[in-house]
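Have a look at the structure below before the remarks.
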Amino acid sequence: MYLVSACLLGQDTKYNGGNNRNEAVIEFAEKHSVFPVCPESRGGLPVPRPPAERVGDRVINREGEDVTGMFLAGARSSLAIALSEAERRGEKIEGAILKANSPSCGSGLIYDGSFTGTTVRGDGCFTELLKELGIKVISEKEFDCND
């Protein structure tokens, strides 16, 4: 089973109320066992919501509000639900395809907290948890549906 950011599958979970639909990811999902995740929604953040970026160990939204607790809660809850679903299906989590640069799902690069589109090395809250378990995470930017 692969975890896939719900927004990449066309679900309207993005901070602005839209999605990040990615046809290559959708094509992959049609051929593999997948489980959609949105740690931000799972953490109780509304859609739409102010954009947020990671600054060190904190997640701060554009209005200056510290939303770290909601991001961490969503990451932990999403992981627990994904592990439970994998067990229910009798599968293991083989990997994850998550939204690039996100404070939840970014892998390797995340937005720097300036809200200017600038990235820095780092992982989102959810990605960190997955990597701690040895689960490979890639973004849609690295994704090749032939893999």
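Atom set for the values below is all heavy atoms of this structure, side chains included, hydrogens, waters and symmetry mates excluded. Because the structure is predicted, anything quoted here is derived from the model rather than measured.
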Fill in: Side-chain donor or acceptor of T68 paired with backbone N/O of V59 under 3.5 Å
yes
Practice prompt. Any chance you could lay out the salt bridge (Lys or Arg N to Asp or Glu O under 4.0 Å) test for E140 and R21, step after step, and finish with the verdict?
Written response: CA-CA 10 Å; E140 77 281 11; R21 184 179 174 90; over 6 Å; no
Worksheet item: Quick check, are the ring centers of Y2 and F28 under 6.0 angstrom apart?
Response: yes
Worksheet item: Out of curiosity, L130 CG to E128 CD, how far, rounded to the nearest 0.5 Å?
Response: 10.5 Å
Worksheet entry | Interatomic distance, C125 atom SG to D57 atom CG [nearest 0.5 angstrom] | 8.5 Å
Worksheet item: Can you check whether G74's main-chain N or O pairs, donor with acceptor, with S78's side chain at less than 3.5 Å?
Response: yes
Worksheet item: What pairs with L129 under side-chain contact (heavy atoms from CB on, under 4.5 Å), at least two apart in sequence or on another chain?
Response: A75, R76, L79, E132
Discussion item. To the nearest 0.5 Å, what is the distance between CG on N22 and NZ on K141?
Written reply: 11.5 Å
Worksheet item: Checking E142 side chain against S139 main chain: does a donor-acceptor pair fall under 3.5 Å?
Response: yes
Worksheet item: If you count the non-hydrogen atoms of other residues, nucleotides and ligands that lie under 6.0 Å from CD in E23, is the total more than 12?
Response: yes
Item to complete: Spell out, yes or no, whether L83 and F126 are grouped together once hydrophobic residues are joined by side-chain heavy atoms under 4.5 Å, including indirect joins.
Response: yes
Worksheet item: Would you say the side-chain atoms of D123 pair up with the backbone N or O of G108, donor to acceptor, closer than 3.5 Å?
Response: yes
Discussion item. Looking at S5 and C7, would you say the former's side chain and the latter's main chain have a donor-acceptor pair under 3.5 Å?
Written reply: no
Worksheet item: Taking a hydrophobic cluster as the set of Ile, Leu, Val, Met, Phe, Trp and Tyr residues connected by side-chain heavy atoms closer than 4.5 Å, whether directly or through intermediates, do I93 and F35 fall within one such cluster?
Response: yes
Practice prompt. Please assess S33 against E91 for the test side-chain hydrogen bond (donor to acceptor under 3.5 Å, both in side chains), listing each intermediate value before the final yes or no.
Written response: CA-CA 9 Å; S33 175; E91 301 176 11; 2.7 Å; yes
Practice prompt. Output, in order, the C-alpha distance, side-chain angles, deciding distance and verdict of side-chain hydrogen bond (donor to acceptor under 3.5 Å, both in side chains) for S107 and K131.
Written response: CA-CA 9 Å; S107 178; K131 287 183 174 182; 3.3 Å; yes
Discussion item. Which residue in the set V55, T119, V120, N101 passes side-chain contact (heavy atoms from CB on, under 4.5 Å) when paired with I110?
Written reply: V120
Discussion item. Do L3 and I138 sit in one hydrophobic cluster, given that two such residues count as connected whenever their side-chain heavy atoms are within less than 4.5 Å of each other, even indirectly?
Written reply: no
Worksheet item: Side chains of P36 and V4: does their closest heavy-atom pair fall under 4.5 Å?
Response: no
Worksheet item: Going through the checks in order, is the salt bridge (Lys or Arg N to Asp or Glu O under 4.0 Å) test met by R49 and E40?
Response: CA-CA 10 Å; R49 60 187 168 272; E40 296 173 23; 2.7 Å; yes
Item to complete: Apply the test side-chain contact (heavy atoms from CB on, under 4.5 Å) to residues R58 and R54: give CA-CA distance (whole Å), side-chain angles for both, the deciding distance (0.1 Å), then the verdict.
Response: CA-CA 6 Å; R58 312 305 301 164; R54 200 147 186 212; over 6 Å; no
Worksheet entry | Distance, nearest 0.5 Å, that separates SG of C38 from CG of L8 | 10.5 Å
Item to complete: Find the distance between CZ (R62) and OG (S114) and round it off to the nearest 0.5 Å.
Response: 10.0 Å
Worksheet, complete the sentence: In short, A29 meets L9 closest at the heavy-atom pair CB-CD2, 3.8 Å
Item to complete: Flag the pair E53 / P103 as yes when at least one side-chain heavy-atom distance between them is below 4.5 Å, and no otherwise.
Response: no
Worksheet entry | Exam field: side chain N19 to backbone G10, donor-acceptor pair closer than 3.5 Å | yes
Discussion item. Within this structure, what is the CG-CG distance for the pair N16 and N20, rounded to the nearest 0.5 Å?
Written reply: 8.0 Å
Fill in: Residue pair V37 / L98, side-chain heavy-atom distance below 4.5 Å
yes
Worksheet item: Is there a path from V67 to F115 through hydrophobic residues (I, L, V, M, F, W, Y) whose side chains come within less than 4.5 Å of each other?
Response: no
Worksheet entry | Side chain proximity check, L45 to Y15, heavy atoms < 4.5 angstrom | no
Worksheet item: Side-chain heavy atoms under 4.5 angstrom apart, residues restricted to Ile, Leu, Val, Met, Phe, Trp, Tyr: same cluster for V34 and I26?
Response: yes
Worksheet item: Can you find a heavy atom in the side chain of R89 that is under 4.5 Å from one in the side chain of M1?
Response: yes
Fill in: Minimum heavy-atom distance G17-V47, with the two atoms named
CA-CG1, 3.5 Å
